[in-house]
Protein chains: 2
Amino acid sequence: MRKLIYLADDDENIRGLINMFLSNEGFEVKSFANGDDLLAAFLQKPADLVILDIMMPGTDGLSVCTQIRNCSNTLIIIVSARDNEMDRITGITLGSDDYMTKPFSPMELMARVKALFRRLELDTGGSSRHILTAGNLIINAATRDAKVDGSQFDLTPTELALMVYLMQNSTRAVSRDELLKNVWKFDFEVDSRATDDVVKRLRKKLAAVKCSAKIESVWGFGFKLSEGGK
Amino acid sequence: MRKLIYLADDDENIRGLINMFLSNEGFEVKSFANGDDLLAAFLQKPADLVILDIMMPGTDGLSVCTQIRNCSNTLIIIVSARDNEMDRITGITLGSDDYMTKPFSPMELMARVKALFRRLELDTGGSSRHILTAGNLIINAATRDAKVDGSQFDLTPTELALMVYLMQNSTRAVSRDELLKNVWKFDFEVDSRATDDVVKRLRKKLAAVKCSAKIESVWGFGFKLSEGGK
DNA sequence: AAGAATTGCCACAGCTTTGCCACAGTTTAA
DNA sequence: TTAAACTGTGGCAAAGCTGTGGCAATTCTT
């Protein structure tokens, strides 16, 4: 799906220029002459990325940045004619993801916009990445390699799949149902303790190789990976 | 958990400087005099963020960047003495998340490092809209995390469900019947003091972790959450 | 085809949760 | 003031959940 980008700058030439470059790259762009209009539009329909000039009539870019960040995770780039250390630092600290000073190269802006979307992709859709880590455990899902402290050990297909799923979702607890659905591909409701069995075997193997990562039980729910004390 | 940062630069002064600043901010830093050493260490134990100089003896920073990006999602910042548009653009395009030119302000580097971690956090952790708060209590219904003042504590399934319901309806008092119907899924009329029991245990747990939010009884009706404190 | 590996299931033991009870303390209403 | 209704508390036992070892069916290997 095409990414939607909002742009606020009081200089019409700059708006046109950036708009052109971004559109050429396949982005959907909406530009605004001031921050208030952008904010209003954003509250109506959030964009995937926002580019804000600091000095604008009405609410300044930094305030708009804070307000957007208060209610959204959207990517934000701040652009400013003022170039001193303090401005950059406050700009970034206030919640923007990048800060560029005018005059800037449109090409560099393009590169940075793409870098931000790439980062978003890596962080969220990251299933394309095959190397997973948890504590001293490294699993390469592509080559089916599992290593602890550099020494390799074996996992069966199911064990590997379960481990990979837990590692891909290591920030949260995963329910047994979710595992049965996504690792076992059972669409229907089943009452099975298959998950417990695989976890049982995984725990034994991980302990045998002194892996710092542990599979913890979440009572009445499922499991959660813990990296284990550093 | 402390973030691990790898840093490669052939200038010992710069290594020391950056190392000092990052350490002061609570990061765990390991610095290397060239890219090859860093890459070797990274393959052994991946870091959370990598800072690469471009011009170094041995493999240059850009190649190291590409190699790391090939096998990992780690955050990468490229730092270079060369400052022209083309360098910046290729640097960012090759897979780094940010590009800074020397000489740079250590404070700005700090700000950008933190911005990258913040983005990572936004993309992975806080992404879900299931975060509920009441006083100093934070419950993430999706990850089943319950925290008071940042320290996590455990809730049983029923306790969690009841707490979430109360927090979702924190503006009003909730009757016992409503709780039995929506949390216990009892369709029929029952005379049960199950709610009181769970509330009893919840109160004990909340008090044990010095939670400012309290479950208040509404006489002859049910319960109501109060944020407490302030 | 025989042997090995994998994997789901079972049964049992041990632990946690949770609803219930009895009783004491509190609030409401007559 | 008193009785009735309601809530807080500790204990308890049934129900539910998890860890474990063993086992059998299936699949993979040789």
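Letters A, B, ... mirror the listed sequences (proteins, then strands); counts begin at 1. In this text the structure is predicted, and so the values were computed from the model without any measurement.
Shown here are the side-chain contact (heavy atoms from CB on, under 4.5 Å) partners of B/Leu4, two or more places apart in sequence or in another chain: B/Tyr6, B/Glu28, B/Lys45, B/Ala47, B/Asp48. Partners of A/Lys30 under the salt bridge (charged side-chain N to carboxylate O under 4.0 Å, His left out) rule, at least two apart in sequence or in another chain, do not exist in this structure. B/Arg144 meets the salt bridge (charged side-chain N to carboxylate O under 4.0 Å, His left out) test with no other residue; sequence neighbours excluded.
We find that CG of A/Leu180 is positioned 11 Å from C1' of C/dG8, with the value rounded to whole Å. Put simply, NZ on A/Lys214 is 14 Å from P on D/dG19, counting in whole angstrom units. Taking atom NZ of residue B/Lys205 and atom P of nucleotide C/dT17, one finds them 6 Å apart after rounding to whole Å. Straight-line distance from the CG atom of A/Leu160 to the P atom of C/dT6: 12 Å, rounded to whole Å. For the pair B/Leu162 CG and C/dG19 P, the computed distance is 10 Å after rounding to whole Å. For B/Glu216 and D/dT7, the CD to P distance is 14 Å, given to the nearest whole Å. Taking atom CD on A/Glu159 and atom P on C/dG8, their separation rounds to 10 Å, with Å as the unit. One can place CZ of A/Arg176 at 15 Å from C1' of C/dG8, the figure rounded to the nearest angstrom.
The pair B/Lys214-B/Glu227 does not count as a salt bridge, with every side-chain nitrogen at least 4.0 angstrom from each carboxylate oxygen. A salt bridge is defined here as a Lys NZ or Arg NE, NH1 or NH2 lying under 4.0 Å from an Asp or Glu carboxylate O, and A/Arg176 with A/Asp196 meets this definition.
The side chain of A/Thr158 contributes no N or O atom lying less than 4.0 Å from OP1 or OP2 of C/dT6. The side chain of A/Thr156 places an N or O atom within less than 4.0 Å of a non-bridging phosphate oxygen (OP1 or OP2) of C/dT7. Look at B/Ser217 and you'll find a side-chain N or O under 4.0 angstrom from OP1 or OP2 of D/dG8.
Taken from CD1 in A/Ile76 to SG in A/Cys65, the straight-line distance is 4.0 Å, to the nearest 0.5 Å.
Using a 4.0 Å heavy-atom distance criterion, B/Val198 is classed as a sugar-phosphate-only contact.
Closest approach of B/Gly91 and B/Leu62 over heavy atoms only: CA-CD2, 3.8 Å.
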Please produce a list of atom pairs where a protein N or O lies less than 3.5 Å from an N or O of nucleotides 24-30 of chain D.
none

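Listed by first and then second residue, the salt bridge (Lys or Arg N to Asp or Glu O under 4.0 Å) pairs involving residues 149-169 of chain A are A/Glu159-A/Lys205 (not counting sequence neighbours).
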Generate the contact string for nucleotides 20-30 of chain C. Rules: B means base contact, S means sugar-phosphate contact only, - means no protein heavy atom under 4.0 Å. B-B----BS--
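With hydrogens and angles left out, the side-chain atoms of B/Tyr165 and B/Glu178 include a donor and acceptor closer than 3.5 Å.
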